[in-house]
**Q** 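Here you go, one structure.
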Amino acid sequence: MSNLILIGFMGCGKSTLGIRLSYRLRKPFLDTDKQIENEQKMSISELFEKQGEMYFRDLETNCLKDLFDAKEEYVISTGGGIVLREENRRLLKELGTVVYLKVTPQTVYERLKNDKTRPLLKGENPFEKMNRMMEQRNRFYEDAAQIIVEADDKSIEELTDEISNIIGKKEEKQNEAASH
Ligand code: S3P
């Protein structure tokens with residue numbers, strides 16, 4: 001399948017960039033977190049509080065599985081923890097081209113230091129927590145991704161250009177190969 005899927009840590013810009021890319025590539029946009037919130041009629045914070053993280057992770061897996069029945073190809077932004085399950089990493093790869101937006105803990109900290117919507121960053125020492133989580137998750141992002149984009153010092157415009165160019169070239173190659 002040829003969805004375009006953005007993965008990466010909280011605050012790396014998946015949703016904002018996903019919306020821009022969906023305009024650029026003329027594909028509808030889907031955000032797995034928003035999809036889950038709409039289906040469950042609850043915010044992610046409430047879901048974590050009332051049902052726990054495992055329940056949320058099951059919903060993430062179901063959301064990916066449902067995408068195999070979709071009639072259209074999407075630009076998809078995902079929750080930062082979607083790569084934690086081996087099954088999800090496999091599903092992501094099967095669903096299309098996976099792009100990892102790689103950022104440093106400093107970037108994430110600056111962007112999210114006043115954020116109240118991420119249950120996993122609540123509590124003492126959010127920077128340390130973030131650092132540790134990013135260290136643990138990096139190999140999962142790298143394992144799931146076909147394309148890794150350094151996203152720290154680039155504007156949304158620059159990232160949109162960079163990723164749509166990569167996708168354009170990839171599609172050209174595929175079309176060439178198919179015509180031979
Ligand atoms: C999570 C990231 C969040 C959301 C949930 C868990 C994570 O999404 O899915 O709070 O485990 O990293 P964003 O990456 O869009 O913030």
Side-chain angles (χ1 to χ4, degrees), residues 3-22 28-67 74-92 95-96 98-145 147-152 154 156 159-160 163:
N3 297 286
L4 171 63
I5 305 144
L6 302 178
I7 62 169
F9 201 75
M10 291 173 260
C12 71
K14 293 165 295 205
S15 303
T16 317
L17 186 61
I19 293 169
R20 291 290 185 93
L21 279 165
S22 90
F29 173 68
L30 187 143
D31 182 311
T32 58
D33 280 347
K34 290 277 169 301
Q35 189 79 1
I36 291 170
E37 288 184 328
N38 292 342
E39 276 170 17
Q40 299 294 310
K41 300 185 176 51
M42 230 186 265
S43 70
I44 301 286
S45 293
E46 271 180 289
L47 260 172
F48 267 71
E49 228 170 81
K50 295 197 173 134
Q51 311 281 5
E53 182 173 347
M54 273 309 131
Y55 184 81
F56 171 74
R57 297 294 172 206
D58 288 339
L59 296 174
E60 278 187 316
T61 303
N62 292 342
C63 184
L64 291 181
K65 286 182 178 163
D66 287 346
L67 280 164
Y74 288 88
V75 174
I76 301 166
S77 74
T78 55
I82 206 154
V83 294
L84 290 170
R85 286 191 179 175
E86 203 267 323
E87 180 183 16
N88 291 358
R89 299 198 293 279
R90 182 178 52 76
L91 293 170
L92 288 166
L95 279 167
V98 183
V99 179
Y100 170 24
L101 296 177
K102 195 169 183 175
V103 288
T104 59
Q106 284 73 18
T107 298
V108 175
Y109 183 69
E110 279 312 310
R111 289 183 189 170
L112 298 185
K113 60 185 176 200
N114 299 316
D115 181 88
K116 301 272 176 285
T117 65
R118 267 80 170 193
L120 291 177
L121 297 180
K122 281 186 185 156
E124 298 291 300
N125 296 324
F127 184 74
E128 251 173 52
K129 212 172 168 187
M130 204 178 275
N131 228 334
R132 205 173 42 242
M133 282 170 79
M134 286 178 87
E135 230 171 67
Q136 285 165 350
R137 289 179 178 187
N138 188 47
R139 68 194 166 99
F140 295 136
Y141 293 126
E142 293 195 346
D143 168 46
I147 298 164
I148 300 175
V149 172
E150 306 274 348
D152 278 302
K154 294 174 190 158
I156 291 293
L159 287 168
T160 308
I163 295 171

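For ligands, and for the atoms within them, numbers begin at 1 and follow the listed sequence. Small disclaimer: the values here were computed from a predicted structure and weren't measured.
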**Q** For Phe56, counting its heavy atoms only, list the atoms of ligand 1 lying under 4.0 Å from any of them.
**A**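 It comes down to these atoms of ligand 1: 9 (O).
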
**Q** Heavy-atom contacts with Asp33 under 4.0 Å: which atoms of ligand 1 show up? List them by number with element.
**A**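 Answer for ligand 1: 3 (C), 4 (C), 8 (O), 9 (O), 13 (P), 15 (O).
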
**Q** For a 4.5 angstrom cut-off between non-hydrogen side-chain atoms, does Phe9 reach Lys102?
**A**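 Of all side-chain heavy-atom pairs linking Lys102 with Phe9, none is under 4.5 Å.
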
**Q** Using a 4.0 Å cutoff against the non-hydrogen atoms of Pro119, which atoms of ligand 1 qualify?
**A**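 Result: 10 (O).
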
**Q** Stepwise, does the side-chain contact (heavy atoms from CB on, under 4.5 Å) test hold for Gln51 with Gln40?
**A** CA-CA 11 Å; Gln51 311 281 5; Gln40 299 294 310; 5.7 Å; no

**Q** Between Lys34 and Glu37, is any pair of side-chain heavy atoms under 4.5 Å apart?
**A**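 Side chain of Lys34 against side chain of Glu37, heavy atoms only: contact under 4.5 Å found.
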
**Q** Any chance OH of Tyr109 has more than 12 other-residue heavy atoms, nucleotides or ligands included, within less than 6.0 Å?
**A**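 Not more than 12 within 6.0 Å, no.
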
**Q** Quick one: look at Leu120 and ligand 1, take heavy-atom pairs under 4.0 Å, and tell me if it's side chain, backbone, both or neither.
**A**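 Answer for Leu120: side chain.
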
**Q** For Gly79, take its heavy atoms, then give the atoms of ligand 1 lying under 4.0 Å from any of them.
**A**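 In order of number, 8 (O), 9 (O), 14 (O).
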
**Q** Between Met130, Arg137, Met133, flag the one that comes closest to atom 12 (O) of ligand 1 by a heavy atom.
**A**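 Residue with the shortest heavy-atom distance to the ligand atom: Arg137.
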
**Q** Is a salt bridge present between Arg57 and Glu60, judged by a nitrogen-to-oxygen distance below 4.0 Å?
**A**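 Result for this pair is yes, salt bridge flagged.
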
**Q** Among all protein heavy atoms in this structure, tell me which lies nearest to atom 16 (O) of ligand 1, with the distance rounded to 0.1 Å.
**A**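 I find the closest protein heavy atom is Arg118 NE, 2.7 Å.
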
**Q** Considering only heavy atoms of Ile44, which atoms of ligand 1 have at least one such atom less than 4.0 Å away?
**A**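 What qualifies from ligand 1 is 5 (C), 10 (O).
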
**Q** Quick one: does Val99's side chain get under 4.5 Å of Lys14's, heavy atoms only?
**A**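 Not touching, per the 4.5 Å side-chain cut-off.
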
**Q** Pull out every atom of ligand 1 sitting under 4.0 Å from any heavy atom of Gly81, numbered as shown with elements.
**A**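 Those of ligand 1 that fall under 4.0 Å from Gly81 are 1 (C), 7 (C), 11 (O), 12 (O).
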
**Q** Could an N or O of ligand 1 be found under 3.5 Å from any N or O of Gly80, whether backbone or side chain?
**A**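 Yes, there is a polar N/O contact under 3.5 Å.
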
**Q** Of the listed options (Lys14, Met10, Arg57), which comes nearest to atom 11 (O) of ligand 1 when hydrogens are ignored and any heavy atom counts?
**A**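 Heavy atom nearest to atom 11 (O) of ligand 1 belongs to Arg57.
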
**Q** Going by distance alone, is a donor N or O of one side chain under 3.5 Å from an acceptor N or O of the other, for Asp143 and Tyr100?
**A**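 Tyr100 and Asp143 do not have a side-chain donor-acceptor pair below 3.5 Å.
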
**Q** Go through the steps to decide whether Leu159 and Arg20 satisfy the test side-chain contact (heavy atoms from CB on, under 4.5 Å), and finish with yes or no.
**A** CA-CA 10 Å; Leu159 287 168; Arg20 291 290 185 93; over 6 Å; no

